Amino acid sequence: MTHLKHKIQIVIVFTLFYSVLWSQPTGNEILDRIDANMSAETRYVKSKMIIHGPRSSRTVESESWGQGESSFTEYLAPAREKGTKMLKLEDKLWIFSPSTDRTIQISGHMLRQSVMGSDLSYEDMMDDRKLSEVYDAGVVGSETIGEYDCWIVEMNATAEDVAYQMRKLWVDKDRYIPLKEELYAKSGKLLKKNELTNITRHGSRWYPGKMTFKDMLKQGAGTEFIIDEIQFDVEIPEHILSKASLR
Amino acid sequence: MLRFYIKGLFRDRSRSLMPVIVVAIGVTLVVLMQCWVTGVLGDMIVFNARFTTGHVKVMSRAYSENTDQQPNDLALLGTGEILQILSSENPGMDWVERIQFGGLVDAPDENGETRSQGPGGGMAVDLLSPGSGEAERLNLEKSLVRGRLIRSPEEIILSDQFATKLEVEPGDPVTLISTTMYGAMSITNFTVCGTLNFGAAALDRGGMIADISSIRMALDMQDATGEILGYLPGGEYDDLQASSISASFNETYSDPEDEFSPLMFSLREQGSMTMILDLVDYFRSIIIGVFLVAMAIVLWNSGLLGGLRRYGEMGLRIAMGEEKGHIYRSLITESVFIGLAGSFVGTAFGLFFASLLTRGIDFGGMMQSSSMIMQGVMKARITPEAYYIGFIPGIFATALGTALAGIGIFKRKTAQLFKELQA
């Protein structure tokens, strides 16, 4: 009788162990679920960036259209930036400045420069590839952020041309949306932190309404990127994603 | 007795001529090296002061901690008021504002689109205010390779190497893409009016000079500046005076709790200048030390040779009852006179050659052309120290050489000296 009881206990323990194992998705499955939330064929975003500098804060408003690896952004405010346009076609980026009537191409390491003095680089703004296309992920633990239980996912780059060789995500186990992110250089140095909040539902997907970036190599209290309006899978007129839209 | 020694030296030239020549040559070299090193390193200090450090420099506390990054977001605000305070409290000093800036310099094609571009770093200086001596202070006119100096705020001077890389000529437009002190993007058009040779590889790769008024507009730095440089009256750096001015200013106007409060640094307190100033002092000691040792060795040998030649005399003096110690002291006294004579002659020759070098040697040919940072002509400088510095190794080395040689001679036993006398 005791022998049978032992056997039943072992079976229960194994069943529980395997059910836990089976219910935990792999890192790459989590990336697929994040991509399903964050990526879209096309997208329109109206946003504002609040840049907290060492002395004061500035707010930069913009609207942008994105399709695959191409995007177009027009700055709406403040007056100094109004009318500035940025166009990214694959790996090329052009900036049009109305005050100088110049179209300037930004390339190479200049893409790592700050956009409008924010904690975001041109690369951060422009890289819209799916995470699962450029990273290999593994689950390294669990942690609770606020009221949300999260997977801790460690991502290592599989592509050469990524801005961050390693990324660590805290992904909400229910909604599959990152709530916190740490971005690392190849050397293992922490370069940036990002907190994603105001998660709201857009049809079948969850999307953050606010992202707070902090460049760890820069002074200041970080940059808040607030989404005022977002539309997924919208139709983008062909001329918008062409150089004709710059002037 | 002294007259006896001196007469002996004059009458027996073989006793004095060689050591005097050796001492004179050594002292000539000491004086010449002293004047040359003081001149060249002194000029280096002068050029650094003109270009980057001033005799004193005022920055915000936060800026001073990150000067390498040209952190204009941490620049000094209210510079008009600070300048008024500086001028009223330090009459006679020159105060100038400078802004270090960096960014992407873009050269357009005929459609206004990027033709070529490169990252650059530059310095904004006051070139357009009447009476501003910045162009002369920075040796801009002589450093020009092509074109002319800035005559309007919309003009910019690029390093010749940078202009060549961007394929722009004087008269061509370029655009500077930078960041304002508040972090906004800044895009400003300029016209290249000239190109120059900075004389330092890093600056020649991407250096530029613009008028401070245009950079203030471009970087949104009205009534703000990165650095205020102060120059003492007369243009010569005086470490004591500079330290006293900076200490007094910091005590009154700098607040350790406020990272944006102004903080003044003397030239010695900035970057590698401490090392250069210390180097001037160390060099002097090294030159004297090296020549003292070298001359002592030469004179030790010549003393030994002279001593051997004078064995007969020594033996006779001992036989007449003179003590060894007395003979030894008399030899050293003789050597002091030899040292004095050699030092006089050497100092006179050293000063003569140094005076020839005060006109300078033009290394411009080796450096292609004159530049802002490295002067083409290197000069010696005769300072009051040059008149006495040669006497230190001159007299000491002779006395030391004789003392060593004397020990060698008197190690021999009295009996042996008698035998040598008989021989």
Side-chain angles (χ1 to χ4, degrees), chain A residues 49-60 62 73 75 77-87 92-122 125 215 217-223 243-244 246-247, chain B residues 60-63 65-66 68-78 102-120 154 166 173-191 206 214 217-222 224 258-261:
Chain A
M49 273 198 305
I50 306 173
I51 303 157
H52 300 286
R55 274 196 163 108
S56 59
S57 297
R58 298 185 308 119
T59 302
V60 179
S62 66
T73 302
Y75 289 87
R80 196 178 172 106
E81 268 90 18
K82 193 173 181 210
T84 301
K85 296 168 186 171
M86 285 185 195
L87 173 71
K92 287 180 179 159
L93 174 70
W94 289 271
I95 297 175
F96 171 73
S97 146
S99 61
T100 55
D101 197 30
R102 286 286 326 272
T103 302
I104 295 149
Q105 189 180 345
I106 308 281
S107 58
H109 70 278
M110 289 306 297
L111 290 169
R112 298 203 170 154
Q113 297 292 309
S114 152
V115 176
M116 302 278 173
S118 71
D119 291 59
L120 283 95
S121 67
Y122 294 110
M125 294 281 282
D215 185 335
L217 310 177
K218 216 174 151 184
Q219 287 204 331
T223 298
K243 281 179 82 176
L246 284 170
R247 285 180 185 254
Chain B
S60 78
R61 283 182 169 269
Y63 185 103
E65 285 164 14
N66 302 282
D68 294 343
Q69 297 168 23
Q70 300 167 348
N72 283 325
D73 52 340
L74 308 174
L76 274 175
L77 285 178
L104 190 67
V105 179
D106 187 282
D109 62 14
E110 61 279 6
N111 301 318
E113 293 196 17
T114 299
R115 174 169 55 83
S116 59
Q117 64 178 208
E154 296 78 29
L166 295 175
V174 289
T175 304
L176 172 70
I177 301 119
S178 190
T179 310
T180 70
M181 78 174 281
Y182 300 102
M185 180 184 276
S186 156
I187 302 180
T188 317
N189 284 340
F190 286 95
T191 303
S214 58
M217 287 291 286
L219 307 189
D220 204 4
M221 291 180 75
Q222 299 309 322
D258 177 5
E259 63 173 341
F260 296 112
S261 69

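Residue numbering restarts at 1 for every chain, and letters A, B, ... go by the order of the sequence lines. Quantities reported herein were computed from a predicted structural model and do not represent experimental measurements.
- B:N111 touches chain A through its backbone: at least one of N, CA, C or O sits under 4.5 Å from a heavy atom, while the side chain does not.
- Within the 4.5 angstrom heavy-atom criterion, only side-chain atoms of B:T180, from C-beta onward, approach chain A.
- Contacts of A:E81 with chain B are made by side-chain atoms alone, with heavy-atom separations under 4.5 Å and no backbone atom involved.
- Between A:K243 and B:E113 there is a salt bridge, since at least one side-chain N of the basic residue sits less than 4.0 Å from a carboxylate O of the acidic one.
- Looking at A:I95, the atoms closer than 4.5 Å to chain B (heavy atoms on both sides) all sit in the side chain, from C-beta outward.
- Heavy-atom distances place the side chain of A:S99, and not its backbone, under 4.5 Å from chain B.
- You'll find the side chain of A:S114 stays beyond 4.5 Å of the side chain of A:D215, heavy atoms only.
- Among B:D106, B:T188, B:N189, the one residue that satisfies the side chain to side chain donor-acceptor pair (under 3.5 Å) test with A:R102 is B:D106.
- The OG atom of B:S186 sits 9.0 Å away from atom CD1 of B:I177, with the distance rounded to the nearest 0.5 Å.
- Proximity to chain B (any heavy atom under 4.5 Å) is shown, for A:I104, by both the backbone and the side chain.
- Using a 4.5 Å cut-off between heavy atoms, B:P119 contacts chain A through its side chain alone, with no backbone atom that close.
- Using a distance-only test at 3.5 Å, with no hydrogens or angles considered, no donor-acceptor pair links the side chain of B:N72 to the main chain of B:A75.
- With a 6.0 Å cutoff to the six-membered ring centre and a 45° limit on the axis angle, A:R55 counts as a cation-pi contact of B:F260.
- Only the side chain of A:R80 comes within less than 4.5 Å of a heavy atom of chain B; its backbone N, CA, C and O stay farther away.
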